[in-house]
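Numbering of residues begins at 1 and proceeds along the displayed sequence.
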Amino acid sequence: MKLIIGLGNPGKEYQKTRHNCGFMAICNLQKILNENFNDFKFNKKFHALISQGNFNEEKIILAMPQTFMNDSGKSVNALINYYKIHFTDLFIIHDDIDLFLGKIKISRNSSSGGQKGVQSIINYLGTKNFIRFRVGIKLNNIIKNASEFVLQKFTKDEEKIISKSLQKINLAIKTTLEKGVDEAMNQCNKN
């Protein structure tokens, strides 16, 4: 069983913002994996929107925490404990202000790098030993206020770039599910 979580902030005002790349990716992933995934439904116990299905003969749980980014660990912890999922079977998709727009990277067992949603997960779980699919959102080397920047909506031109990034992330996730994370990292991280 795998738990794949897209990070973001709930609410219409946050749709299409840089911080919601994880939500965007997981919605696309649900459609790509196959048609037997149910619609996302809110589950109060997990503080998350949940969709379940099977891919490559394995049960997959997709989740979007509704706790707001900085408290994502609350939802992730509840899901991990309920489903008894090993940390190495936890995939987190999130925006990364240290990667340029259009770039993606897979990390495992690494620090949060200042991403507060990821730090919340590390704090709740007491480990960083999970797999992260990072979506670059950085435009240049000068970001004056990171907390304001991540809540900005993408421009039309940026949306085209981020759409391609999300396709690459979903391909990397499929590769991880089919062939393992090492193969996905070899393909993804060399670019």
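How far NZ of Lys59 is from CG of Asp89: 13.5 Å, rounded to the nearest 0.5 Å. How far CG of Asn70 is from CG of Asn9: 7.5 Å, rounded to the nearest 0.5 Å. Distance check: Lys128 NZ to Gln119 CD gives 10.0 Å after rounding to the nearest 0.5 Å. Distance check: Asn170 CG to Phe133 CZ gives 9.5 Å after rounding to the nearest 0.5 Å. Rounded to the nearest 0.5 angstrom, Ser107 OG and Arg134 CZ are separated by 3.5 Å. Atom-to-atom distance recorded for Phe87:CZ and Leu125:CG is 5.0 Å, nearest 0.5 angstrom.
Summarising the local packing, NZ of Lys164 is surrounded by 12 or fewer heavy atoms from other residues, nucleotides or ligands at distances under 6.0 Å. Within 6.0 Å of OH on Tyr83 lie more than 12 heavy atoms contributed by other residues, nucleotides or ligands. Residue Lys105 places its NZ atom among 12 or fewer non-hydrogen atoms of other residues, nucleotides or ligands, all under 6.0 Å distant. Within 6.0 Å of NZ in Lys74 there are 12 or fewer heavy atoms belonging to other residues, nucleotides or ligands.
In this structure the side chain of Leu62 never reaches within 4.5 angstrom of the side chain of Gln52, judged on heavy atoms. Put simply, the side chain of Leu29 does not reach to within 4.5 Å of the side chain of Cys27, judged on heavy atoms. Annotation: side chain of Asn129 is not in contact with side chain of Arg108 (no heavy-atom distance under 4.5 Å). With a 4.5 Å cut-off on side-chain heavy atoms, Val118 and Ile122 count as touching. Under the 4.5 Å side-chain criterion, counting only non-hydrogen atoms from C-beta, Thr17 is not in contact with Gln152. With a 4.5 Å cut-off on side-chain heavy atoms, Asn189 and Met185 count as touching. Between Ile131 and Ile106, the closest side-chain pair of non-hydrogen atoms falls below 4.5 Å. Val150 is listed as a side-chain neighbour of Asp95, based on a closest heavy-atom distance under 4.5 Å.
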Take Ile173 and Leu171 through the side chain to side chain contact (heavy atoms under 4.5 Å, CB included) test and state the conclusion after the steps.
CA-CA 5 Å; Ile173 291 170; Leu171 180 60; over 6 Å; no
Derivation of the side chain to side chain contact (heavy atoms under 4.5 Å, CB included) call for Leu139 and Phe149:
CA-CA 10 Å; Leu139 298 178; Phe149 177 75; 3.9 Å; yes
Assess the residue pair Ile93 and Leu7 against the criterion (side chain to side chain contact (heavy atoms under 4.5 Å, CB included)); give the C-alpha distance rounded to whole Å, side-chain angles, the decisive distance to 0.1 Å, and a yes or no.
CA-CA 6 Å; Ile93 312 167; Leu7 299 186; over 6 Å; no
Starting from the C-alpha separation in whole Å, work towards a yes-or-no answer on side chain to side chain contact (heavy atoms under 4.5 Å, CB included) for Met69 and Gln115.
CA-CA 9 Å; Met69 178 68 79; Gln115 215 284 359; 3.7 Å; yes
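A centroid separation of 6.0 Å or more is found between the aromatic rings of Phe91 and Phe130.
Minimum heavy-atom separation, Ser110 to Arg132: OG-NH1, 3.0 Å. Minimum heavy-atom separation, Leu177 to Asn56: O-ND2, 3.3 Å. In plain terms, the two heavy atoms of Ser75 and Thr67 that are nearest each other are CB-CG2, 4.3 Å. Nearest heavy atom pair, residue Ile104 against residue Ser165, reads CG2-O, 3.7 Å. Residues Thr176 and Ala184 approach most closely at OG1-CB, 3.1 Å, considering heavy atoms. Residue Ala63 comes nearest to Leu79 through the heavy atom pair CB-CD1, 3.7 Å, listed as atom of the first residue, atom of the second, then distance.
At a threshold of 4.5 Å between side-chain heavy atoms, the hydrophobic network of Ile, Leu, Val, Met, Phe, Trp and Tyr places Ile26 and Ile61 in two separate groups. Placement of Ile97 and Leu166 within a single hydrophobic cluster is found when ILVMFWY residues are connected by side-chain heavy-atom separations under 4.5 Å, directly or transitively. Leu49 is not connected to Ile80 by any chain of hydrophobic side-chain contacts under 4.5 Å among Ile, Leu, Val, Met, Phe, Trp and Tyr, and they are in different clusters. Note: the hydrophobic cluster containing Phe37 also contains Met64 (ILVMFWY, side chain heavy atoms under 4.5 Å, direct or indirect links). Val76 is not connected to Val135 by any chain of hydrophobic side-chain contacts under 4.5 Å among Ile, Leu, Val, Met, Phe, Trp and Tyr, and they are in different clusters.
Checking side-chain atoms of Lys153 against main-chain N and O of Gln15 turns up a donor-acceptor pair under 3.5 Å. Distance alone, capped at 3.5 Å, is enough to place a donor-acceptor pair between the Asn20 side chain and the Tyr14 backbone. Looking only at distances, no side-chain donor or acceptor of Ser120 sits under 3.5 Å from a matching main-chain atom of Lys116. Within the 3.5 Å criterion, the main-chain N or O of Asn38 finds a donor-acceptor partner in the side chain of Gln30. With Gln66 contributing its side chain and Ala48 its backbone, the two residues share no donor-acceptor pair below 3.5 Å. When atom types are taken as modelled, the side chain of Glu159 and the backbone of Lys156 share no donor-acceptor pair closer than 3.5 angstrom. Asn54 contributes no side-chain N or O that, together with a main-chain N or O of Glu57, makes up a donor-acceptor pair within less than 3.5 Å. Within the 3.5 Å criterion, the main-chain N or O of Gly136 finds no donor-acceptor partner in the side chain of Arg18.
Taking the ring centre of Phe100 as origin, the terminal cationic atom of Lys138 falls inside the region bounded by 6.0 Å and 45° from the ring axis.
No side-chain donor-acceptor contact under 3.5 Å links Glu183 and Thr175. Side-chain atoms of Thr88 and His86 include a donor-acceptor pair closer than 3.5 Å.
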